[in-house]
Amino acid sequence: MDGHRRRHNQKLNRFRYLLPAISAISGAILLLSFLAPSPDHLHHFEHHASLHDNVIDDAPVIRAGFTSVFKVPTSSKMISDRNLWSTSMSEFYHGCSNASSQFPKAQFVTQPNRYLLIATSGGLNQQRTGITDAVVAARILNATLVVPKLDKKSFWKDASTFSEIFDVDWFISYLSKDVKIIRELPHKGGRKWSPYSTRVPRKCDERCYHIHVLPLFSKRRAVQLSKFDYRLANKLETNFQKLRCRVNYHALKFTDPIIKMGQKLVNRMRNMGKHFVALHLRFEPDMLAFSGCYYGGGEKEIKELTKIRKRWKTLNISDPEKERRQGRCPLTPEEVGLMLRALGYEKDTNIYVASGEVYGGNETLNPLRALFPNIYSKETIATEQELEPFSSFSSRMAALDFMVCDESDVFVTNNNGNMAKILAGRRRYFGHKPTIRPNAKKLSRLFMDRKNMTWEDFSSQVRVHQIGFMGEPNEARPGRGEFHENPTSCICGKTDHKQKTVSLPRKIRNGISEADETVNDEYIDHNQERYNEDEEDDGLVSNLQYLLNDTIVDGLSTVSDENELEDLLSD
């Protein structure tokens, strides 16, 4: 018994001597665990590096002692639980912009010797908003509108005139009952009148025009409003809103050469398959520099984009990661591809890319091509000879992309610029064709952490986050967003396929608009509360909002580099 006690005490003594060593080793392991990068942090850098890798995450990756299970499947057929090529309930809505009987004809309200001239600003689509609003401004002032002048000095540097892009005869004749329009100012004593030039505040409503512009006609017969972009309020009386739609969706028609070439491109995409997706990528060097985001290109990318960014003295980007977390960064081509695959689009889907110079070129596009090999652009489906009449004019080339995107079965926008907004509104008006806008704020978190989840989990979360961002009729909430993107006053509802007149209980009416003269329809807003959480801060939010407040008056606080920023983002 004594021997057993002695052996037991000896073991205890040896254990006491080992305790300090065990504690030291444990402390060292604990310290190393704090100093080592977390798995999430490793994923974050791995995600950034993927921009210039030509490898798609279609196989397990061994990293930090465990195996990733993120793998893009060959087929998405079992993933998709929705119709990929049409929006639900779209057949219950239609565009309705006819003038009501309470809207007098132009011949009865237009005042003699009162002429309004407009100088637009920016690229093709920013100018399109200006032209649309110019017609309404002329009607508010009961003035004759002179065919608007297009901007020839902006970032886009296109010398095209109105009649070289739009069918001017159609424009004048289609709107003749709404506004009197002439090509040029009349002459007086053999000379043109000299207009009084001024600007109006942004988001100017009817009363604002009566205060700022109407008194000027008592001094001069002609008034010119310069830099005319977003100079009309988002909310106007219904008759004016419907006039906006008549201009934008019916009166503004491209010239025959643009229409013929654009239709050729559409037909060639159609001949490749039953459906096709159009992607407005917006991944140009200037766009990325302005965003202030980091895309994984290392020192080379930082130097290149910093050099471009120095052009704009007012641009202040201090936290690229915060920009990304807030959804203010365009998705990379690879991320766009992953989103579309997660939504259920097959690998053999035909995709038309509307884009300028892509930062990183083919190296950046290769991950998208690995996900969708059938990638096309106007340059790849048309010859140089066919594009030659358009290639020297940025607005005419943009018009070709506009036509293909408008005719596509699904339109995907990677930013919230003017082309994206106008096409979203146009596609709502003409049948609610699917328009996908990435919920960038929510998706950015998924992309950064995708190595930690299975493809099934990833795709499921993508579909959840994209609710409210797919171009469905019930996403359009009255009074929210730009009117050009969300023309609620011009969308009417119907109860069945026969477009019968409906009379809905007041408790479910939303009072968006008057009906057409012969139809008393309502645009029903379903599940309005459903998307409120993400409405204000999700999607790509332009840094321009921090530089240019919507309510400022140009000339008081706008400087030249801010104008260039605005032009850059306009399309």
Side-chain angles (χ1 to χ4, degrees), residues 95-99 106 116-139 145-151 156 158 160-183 225 228-232 236 240-263 266 354 390 393-407 411 417-431 433 482-487 489-491 570-571:
C96 55
S97 60
N98 290 343
L116 182 68
L117 294 86
I118 297 294
T120 62
S121 179
L124 172 68
N125 295 290
Q126 184 171 333
Q127 294 188 86
R128 189 183 187 110
T129 63
I131 295 166
T132 298
D133 292 348
V135 174
V136 180
R139 178 59 194 240
L145 177 68
V146 179
V147 171
K149 295 179 180 178
L150 301 189
D151 186 353
W156 303 99
D158 190 319
S160 300
T161 63
F162 186 101
S163 61
E164 290 172 322
I165 296 177
F166 300 106
D167 186 332
V168 66
D169 292 326
W170 174 263
F171 179 72
I172 293 173
S173 62
Y174 189 91
L175 295 169
S176 59
K177 294 181 180 179
D178 297 309
V179 174
K180 183 179 178 181
I181 304 174
I182 59 176
R183 291 172 179 267
L225 302 180
F228 197 80
D229 57 339
Y230 296 103
R231 305 292 157 169
L232 194 61
L236 299 173
F240 292 130
Q241 299 288 59
K242 285 182 176 289
L243 176 55
R244 264 176 161 168
C245 294
R246 291 197 292 280
V247 180
N248 200 0
Y249 306 135
H250 299 286
L252 277 177
K253 188 171 73 170
F254 290 126
T255 58
D256 284 344
I258 291 174
I259 290 176
K260 288 177 182 178
M261 189 64 230
Q263 197 57 55
V266 172
F390 313 94
F393 306 93
S394 61
S395 290
R396 298 182 211 184
M397 293 288 273
L400 297 178
D401 278 341
F402 185 97
M403 282 193 64
V404 182
C405 291
D406 185 33
E407 292 291 329
F411 174 57
N418 285 305
M419 180 170 172
K421 290 177 181 178
I422 289 178
L423 278 170
R426 185 178 178 85
R427 290 170 70 87
R428 289 186 187 281
Y429 184 84
F430 290 110
K433 293 188 290 184
E482 290 290 340
F483 182 78
H484 295 291
E485 178 182 11
N486 199 2
S489 296
C490 303
I491 309 291
S570 69
D571 282 25

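Side chains included, hydrogens not; waters and symmetry mates left out as well; all remaining heavy atoms used.
Applying the ring pair (Phe, Tyr, Trp, His ring centres under 6.0 Å) criterion to F240, with sequence neighbours excluded, gives no partner residue. Partners of T129 by side-chain hydrogen bond (donor to acceptor under 3.5 Å, both in side chains), not counting sequence neighbours: none found. In this view, D167 satisfies the salt bridge (charged side-chain N to carboxylate O under 4.0 Å, His left out) rule with no residue, not counting sequence neighbours. Remark: K149 engages Q224 in a side-chain contact (heavy atoms from CB on, under 4.5 Å) (not counting sequence neighbours). A search for side-chain contact (heavy atoms from CB on, under 4.5 Å) contacts involving A354 returns H280, Y352, D401, C405, not counting sequence neighbours. Remark: F411 pairs with no residue by the ring pair (Phe, Tyr, Trp, His ring centres under 6.0 Å) rule, at least two apart or across chains. E407 pairs by the side-chain hydrogen bond (donor to acceptor under 3.5 Å, both in side chains) definition with nothing, not counting sequence neighbours. For V146, the side-chain contact (heavy atoms from CB on, under 4.5 Å) test picks out L117, I182, L185, with sequence neighbours left out. In terms of the salt bridge (charged side-chain N to carboxylate O under 4.0 Å, His left out) criterion, R139 has no residue partners (sequence neighbours excluded). For T161, the side-chain hydrogen bond (donor to acceptor under 3.5 Å, both in side chains) test picks out S163, E164, with sequence neighbours left out. Take R427 and apply the salt bridge (charged side-chain N to carboxylate O under 4.0 Å, His left out) test, not counting sequence neighbours, and it matches no residue.
With a 4.5 Å cut-off on side-chain heavy atoms, F171 and V135 count as touching. Two residues are said to be in side-chain contact when any heavy atoms from C-beta on lie closer than 4.5 Å; S121 and Q126 meet this criterion. In this structure, I118 and I131 have side chains that are not in contact, with every pair of non-hydrogen atoms separated by 4.5 Å or more. Residues F483 and C245 meet the side-chain proximity criterion, which asks for heavy atoms closer than 4.5 Å. D151 places a side-chain heavy atom less than 4.5 Å from the side chain of Q127. Taking 4.5 Å as the limit, every side-chain heavy atom of T120 sits out of range of all side-chain heavy atoms of D229. Counting only heavy atoms from C-beta outward, the side chains of D169 and R183 approach each other to under 4.5 Å. Counting heavy atoms from C-beta on, the side chains of D158 and L124 never come closer than 4.5 Å.
Residues A399 and I258 share a closest heavy-atom pair of CB-CG2, 3.8 Å. Taking all atoms of both residues into account, the shortest heavy-atom contact from L400 to G262 is CD2-N, 3.6 Å. The shortest heavy-atom contact between K242 and S489 is NZ-O, 3.3 Å. For A251 against W170, the heavy-atom pair with the smallest separation is O-CD1, 3.1 Å. Of all the heavy atoms in F390 and P257, the pair that sits closest is CZ-O, 3.5 Å. The two atoms that bring P487 and R428 nearest to each other are CD-CD, 4.4 Å, heavy atoms only.
Counting only residues at least two apart or in different chains, side chain to side chain donor-acceptor pair (under 3.5 Å) contacts with residues 246-257 comprise R128-N248, D178-R246, H250-Y429.
Rounded to the nearest 0.5 Å, atoms CD1 (I259) and CZ (F254) are 8.0 Å apart. For the atom pair I422 CD1 and L252 CG, the distance stands at 9.0 Å (nearest 0.5 Å). To the nearest 0.5 angstrom, R396 atom CZ is 10.0 Å from S394 atom OG. Rounding to the nearest 0.5 Å gives a distance of 11.0 Å between CG of N125 and NE2 of H484. To the nearest 0.5 Å, atoms CZ (R244) and CG (D133) are separated by 4.5 Å.
Other residues, nucleotides and ligands place no more than 12 heavy atoms under 6.0 Å from the NZ atom of K180.
A disulfide is not assigned to C96 and C490, since their SG atoms are no nearer than 2.5 Å.
Judged purely by atom type and a 3.5 angstrom limit, K433 uses its side chain to pair as donor or acceptor with the backbone of D406.
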